[in-house]
Number of protein chains: 2
Amino acid sequence: MACNGANQPLLSGLATSTTQKTNGDAPKRRRLRRIRSAPLAEFCPTDINGDAALPRSESIFGRLHPSFKKVALFLTVYVGLGTICFYIIRNQIKGDKTNGILDAVYFCVVTMTTVGYGDLVPNSNLAKLLACAFVFTGMALIGLVLTKAADYLVEKQETLLVKAFHMHKKVGELEILKEIENNRVKYKFYTALILLVLLILSGTVFLYKVENLDLVDAFYCVCSTITTLGYGDKSFSTKGGRIFAVFWILAGTICLAQFFLYIAELNTENRQKALAKWVLTRRVTNVDLEAADLDDDGVVGAAEFVLFKLKEMGKICQEDISLIMEEFEVLDVDQSGTLSVSDIILAQSVETKRS
Amino acid sequence: MACNGANQPLLSGLATSTTQKTNGDAPKRRRLRRIRSAPLAEFCPTDINGDAALPRSESIFGRLHPSFKKVALFLTVYVGLGTICFYIIRNQIKGDKTNGILDAVYFCVVTMTTVGYGDLVPNSNLAKLLACAFVFTGMALIGLVLTKAADYLVEKQETLLVKAFHMHKKVGELEILKEIENNRVKYKFYTALILLVLLILSGTVFLYKVENLDLVDAFYCVCSTITTLGYGDKSFSTKGGRIFAVFWILAGTICLAQFFLYIAELNTENRQKALAKWVLTRRVTNVDLEAADLDDDGVVGAAEFVLFKLKEMGKICQEDISLIMEEFEVLDVDQSGTLSVSDIILAQSVETKRS
C-alpha cells in the first residue's frame, strides 16, 4: 500500500492536463516548471553538510517488509529447534509413529499451524507445556511474518497470471505493470485462488493415491487440514505421507489464510473506492470552501483542496496535518507563510547556532 | 482508523500556534478567520438545490463498521442453522455424546472456530461434506465480521481500564478520552491481554473443577483450545462442560486472534511513528522545496508542504492527489488556479446546462 514516490514532483500528472486546457483567461496563472530537464524522481539529493547517516525513506519502507529469505531462514530455524526438542522427548509423545525425526518435524508443523490432528499427542507434563509454548510462538510467527512473505510470493506470481490473461492481446511489459498496479488486490486474490485450488487438488490426489483414502475422505481431510480444523480421524499416517504433509500443510494453511485476507482487502478497497468516488463527485458548497481555506486568504488553492478532500475520504486526519504544520511553522523562519530557499538557509544557521 | 472530521476547518490546531508566535515581521501574513463564531464542525450544510439524497460521510463510515447487534444476530443465525443441520444428521456423527441438541451446538462451535477436537467426528459422506462447507463459511464469518465486533467490544471496555489506571489521580472524562485517543492501540492491546488472562484462568479452573482434569492437563487443554490447535486428547466431555465450552471457545479463540492482531497493529503503528518522526525531522533541501512546489510559484505554501510530507510518509500516493486534482481542474471554472465562490456558482450553472 505504501507508495514510495516522495521525491517525485507533486501533481506531475497535473502538468499535462493543465497545458491541454490552457486558454487565454488566465495569462499569469501557472508558470512552467523552471528546470524541466532535471529528473527529480531519480535525483538523489546529497546532504549539504555531508552527514549521510540519515536513512532514505526507501530503506525504512524496506524494513517494513522483511525479505523472503529472512522469513524462510526464521521458519527453518524455528521448525529445526522444535524438531530437536520433540525428538529428544519422543518417548513422551504417544500415537501413530513412523520415524523418529520425521514424526518430530510432522508434529512441529501440525502444532505450529494449529491443525492439531491428535494422531500424535504429548503424553507428559513437560511435553504438554512444550507444545503449549510451541503453538503460541508458532501462531505468532505464522501470523506476523508469513503473511508478508506469502504476500510477496503471490505478488511475484501474479505477473505470470496477468501475462496469461492477456496472451491473446499484444501488450507490452509496461501495460502489464500498469494493469497490475491498478488492480493489485484483485490479481493477488485470483493468484491466491489458483494456488489454493492447486493445493487442494494435489492434497486430495495424494491422500487418495498414497494414503488410500476414498475420494470424499481425501477431500474431507484436505479441508479439515487447510482450515486448521484437524479433527484427526483422517490424517497422514504413512512415512511418505508425512514427508508430503510437512510442506503441504504449511503451504495450504498459509495460502487459505492469505486468501481470506485478500477477500477482506478487496472488500475494504471497494468500499474505499466508493467513498472516494462519492467524495469526489459531491457538490462543493461555500461552507466546504471556507473549511478548506487553510491560509484564510478567501480562496482555496490546489493543495488546500487536495488536503480537504483527503481528509473527507478519511485517508488522513487532523492530527497528521497538525504535526506537519508544527514543523512548517518552525521551518518558516521569516514567518512569510511560505517556505522559500531563504527560509532553508535561515533554518540551517539557526540549527548550527543551537548545536 | 478513519477520522471523521472532514468539515472541521483544516489546521484548526494551527490557529492557536500562530497567534502565540505572531510578531511584527509579517503584518499582513494571515488574516483572522472571518466568521469565528460559526461552529463549522457542527454546521450541516443543506444542499442549495434541495436534493438531500447525497449521503453524509458519517453514514458511509458507519457502514464500514457493522454494529455489534448485527454481528451477534448473524452469529446466532449461523450457529442456529448449523445446529439444526447437525441435529438432523446426529446419527451420522460418532464420538462421545451427551445430549442431542447440545452436542450439535458444541460440534458447530468446535468446527467453526477450527478447534476440531475430534471427540465428535462426521461419519458419513454427507456429514463430512457438510462439515467442510461449515468450516469454510465459519472461518470467513469469524475472520471478516467478528474481529470488527471484537474490536468494538474491546474499545468499550478500555475506558474502564484507563479509568482504573488513573484511579489515584483526579482526571476528568475529557482527559481520559484524550489519553485513549493518543494511545488507542496500546490500551486495546492491554484490554485484550487482561480479557485473555481472565479467559485462560476461568477455562483452567472450570476444566479442573468440572471436568476433573489435573492442573497441567487443564491448562494444556485451554491452550490447545484457544489457539484452535484442538488435539482432542483432552476436551469437554460432560454436559455442563459442553454448555460452558460453547461460549468459552468462541470467546477464547476470538480474543486470542484479536490479541495477535493488536500486537501486529502496535508494531505497525510504532514503525509508522518512527517513519513520521524521521520524515518530520529530516532537513528540507532545495530539491525538496522544488518537488513540493505544487503551483510553481517559487515558494511552498503550508498546504503544499503538508501534502509533500504526507507523501513522503507514505500516507497518500501520487494517484490520490492526481484524482482529486482532476476534480479541482473541473471545479476551477474560471481557471484562476484557485477555487472561490464564483467558481462554485459557475460550476453549478454549467451542471444545470449539462443536465
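All figures in this text were calculated on a predicted structure; none of them were measured in a lab. Here is the naming used below: chain letters follow the sequence lines, and residue numbers restart at 1 for every chain.
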What part of [X] lies closer than 4.5 angstrom to a heavy atom of chain B: side chain, backbone, both or neither?
X	result
L310(A)	both
L331(A)	side chain
Y220(A)	both
K94(A)	neither

May I ask you to name which of [options] has the most heavy-atom pairs under 4.5 Å with chain A?
options	answer
C132(B), G230(B), G138(B), S224(B)	C132(B)
L120(B), V341(B), N125(B)	N125(B)
V121(B), D217(B), T113(B), L323(B)	V121(B)

So which of V279(A), V306(A), L307(A) actually passes side chain to side chain contact (heavy atoms under 4.5 Å, CB included) with I324(B)?
V306(A)

Do [X] and [Y] have side chains that approach each other closer than 4.5 Å (heavy atoms only, starting at C-beta)?
X	Y	answer
F136(A)	I226(B)	yes
F219(A)	K128(B)	no
T111(A)	Y231(B)	yes

Nearest non-hydrogen partners of A302(B) and M325(A), listed with the distance
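So the minimum-distance heavy-atom pair works out to CB-CE, 3.6 Å.
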
Tell me, for [X] versus chain A, whether the close heavy atoms (under 4.5 Å) come from the side chain, the backbone, both or neither.
X	value
L280(B)	both
T227(B)	both
V284(B)	both

So how far is it from [X] [atom1] to [Y] [atom2], rounded to the nearest 0.5 Å?
X	Y	atom1	atom2	value
N286(A)	I345(B)	CG	CD1	7.0 Å
K277(B)	E327(A)	NZ	CD	12.5 Å
L256(A)	M139(B)	CG	CE	4.5 Å

What do the steps show when you test D332(B) against F305(A) for side chain to side chain contact (heavy atoms under 4.5 Å, CB included), and what is the final call?
CA-CA 11 Å; D332(B) 186 16; F305(A) 183 74; over 6 Å; no

Interface check, chain B: of V299(A), L261(A), V110(A), D214(A), most non-hydrogen pairs under 4.5 Å belong to V299(A)

Looking just at side-chain N and O atoms, do T114(B) and T228(A) make a donor-acceptor pair shorter than 3.5 Å?
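Yes, side-chain donor-acceptor contact under 3.5 Å.
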
